[in-house]
Amino acid sequence: MRQTCLDTVYQLARQDERVVFIGSDLGEGTLADFRREIPQRFFMEGISEANILTMAAGLAMNGKIPYVNTIAPFLTRRAYEQILLDLCLHRVNVRLLGNGGGMVYAPLGPTHMVIEDLAALRAIPGMTILAPADAEEMQRLMRLTTDYQGPIYVRFGKGFDPVVSQAEQPVVIGKAVTYASGNDLLLISTGITLKLVLEAAENLQNQGVSTAILHYHSIKPFDTESLLARAAQVRAVITVEEHSVIGGLGGAVAETLLEADLARVPKFRRIGVPDQFPEDYGSQAHLMNSFGICSENIIAQAQAML
Amino acid sequence: MQIDPLKTPLDRRSRELRHQMVRMMEEAGRGHLASAFSLVEILRVLYDDILRIDPSRPDWPQRDRLILSKGHGCMALYVMLAERGFFPESALWDFCKPGGLLGGHPEHKVPGVEASTGSLGHGLSFGVGFALNARMDDSPARTYVVVGDGECNEGSVWEAAMAAAKHQLANLCVLVDCNKLQSYGPTADIQNLDPFADKWRAFGFEVNEVDGHDLVALRQLLERPPGRQPRTIICHTVKGKGIPEVENNLAWHHKSKLPTEKLAELYQALEEN
């Protein structure tokens, strides 16, 4: 997904002279073609996230559209105040491309994982947060980013995530995508958990559970309308995210459901990282499984609720 | 370099500008007066003689940019912007009031204010972005960033300095309002910056030092054509310059609720200085 994202930035830069790329200290050869072809709009600025983000804001305030890329924990944690003040307060068109949102960098330990980015950024007025399921959905979203107003954070996975999103589904920033329309259970995904939710839904359907699926590639703006329309039809709702259960997808859904005064409030569970640091190593999948972020647990939770 | 800005006399206009700031404090009941007083001559020279700006077109793309990175000195910026006609003088008297245009730190919604500042250590990075943009667009616009010496405790200032030097941003000028006091005490005690000029030189800047209340010396330096490197002008100033009681007095970093008699004393002191 990462490579596709950067390739898309290169394509956007060829089409739009406002597009500028800024990296911190990325891998050798990153966007070599971009650098060779459009060197005046390619910047590799060193391990200095605070300066990079405000510099990007300064460029954006004068008409450029900077795409800033480094790994997600450093991009979102290291310079949070710069995101809040210099990007969001000034409402500038800076795009933050975070490699490895969630537990992609599991073998590298807690310094390199980010399980609170959605929550932290969701609290900032004017922030747009995208978490595509796979490289193809990423591309469809990225094409919308040049003419979108205000700062955007794009959380993307490691690459090689299987493609599960459907090209025929229209992609609109701020609009959830419906993947199934059952009326017993509603499964809600963001980012790469779409795959888990699709797997669980297939299994549950075979057991006779009529399952709806809503996929949120946009965590903010948050599509409350689609959620409430679906939630009114079902007996149980489960959110699944590669993120802390606090303040991300599950938080957004819970807030929306509770404030809607539904005639019949469905049962509700959040699947995600509990309120603790991921302390084990191994693969991303291993850590996700250890926290129950897997189709087996989605199925088990659904069975217990229905 | 031996500079004693405490002794530098202030002319009529410099005292009038300070008078307006005391009146802003009187109206608002609060303000960072001493931090603003140390800046007045720096901003005065920039707005009177150096900046290519058009107050009727605050968004004119070719304009020079000034960023007040030490945003708490904003009263000095506001009186200059009002004088130049970016907004009516009456806005000064609504400082920090509900519905007023001007708050306790600069905001980009105010005509003439390029960036919202207040949290320290952001302004120079904005300046790097602005200066880089001007180069990319082949624009003659220059960028001036006023930072405080205490502000240079922030690591992001030095990240930005490295970036400015890397890109050889000769169209970028840093002016340090070097009043040698921060909120709790002397900068030399809180977080010593010395050798300060050498630090900027080592980071790749052309460095000059000047009495920050000496209008002629400031103007001469700022009128010099840019070289090949970004510039830093260390302006030696006095926190609270212009009112003896306020000068170099830590108690005056931020003041609120000044009694009428005290305000009268401040106005009087400005007349006598």
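Letters A, B, ... mirror the listed sequences (proteins, then strands); counts begin at 1. The figures that follow rest on heavy atoms only: side chains count, while hydrogens, waters and symmetry mates do not.
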Give, for atom CE of A:Met55 and atom CG of B:Asn133, the distance between the pair rounded to the nearest 0.5 Å.
10.5 Å
Gap between atom OG of B:Ser119 and atom CG of A:Leu89 - 0.5 Å precision:
11.0 Å
I need the minimum non-hydrogen distance between B:Ala163 and A:Glu45, along with the two atoms involved.
CB-OE1, 4.3 Å
Could you report the tightest heavy-atom contact between B:Phe126 and A:Thr54, atom names first, then the distance?
N-CG2, 3.5 Å
Kindly check if the number of other-residue, nucleotide or ligand heavy atoms within 6.0 Å of CZ (A:Arg35) is above 12?
no
So which atom in B:Ala115 and which in A:Met61 form the shortest heavy-atom distance, rounded to 0.1 Å?
CB-CE, 4.1 Å
How about CG on A:Asp275, more than 12 heavy atoms from neighbouring residues, nucleotides or ligands closer than 6.0 Å, or not?
no
Taking atom CZ of A:Arg78 as the centre, report whether more than 12 heavy atoms of other residues, nucleotides or ligands fall under 6.0 Å from it.
no
Give, as side chain, backbone, both or neither, the part of A:Glu81 having an atom under 4.5 angstrom from any heavy atom of chain B.
both
Got more than 12 heavy atoms from elsewhere within 6.0 Å of CD1, A:Ile47?
no
Is the count of non-hydrogen atoms from other residues, nucleotides or ligands lying under 6.0 Å from A:Glu37 atom CD greater than 12?
yes
Most chain B-contacting option - heavy-atom pairs closer than 4.5 Å, from A:Gly46, A:Ala60, A:Ser48
A:Ser48
Does A:Glu17 have more than 12 heavy atoms from other residues, nucleotides or ligands lying within 6.0 Å of its CD?
no
Nearest heavy-atom pair of A:Asn62 and B:Asp137: which atoms, and what distance?
O-OD2, 4.4 Å
Could you pull out the closest heavy-atom pair between B:Phe130 and A:Gly58, with the gap in Å?
CD1-O, 3.4 Å
Examine whether an atom of B:His122 lies under 4.5 Å from a heavy atom of chain A, and if so say whether it belongs to the side chain, the backbone or both; otherwise answer neither.
both
Identify the two heavy atoms, one from B:Met136 and one from A:Leu59, that lie closest to each other, and give their separation to 0.1 Å.
SD-CD2, 4.1 Å
If we ignore hydrogens and angles and just use 3.5 Å, is the side chain of A:His90 paired with the main-chain N or O of B:Ser116 as donor and acceptor?
yes
Is the number of heavy atoms from other residues, nucleotides or ligands within 6.0 Å of CD (A:Glu259) greater than 12?
no
Is B:Arg135 close to chain A through its backbone or its side chain, or both, or neither, when contacts mean heavy atoms under 4.5 Å?
neither
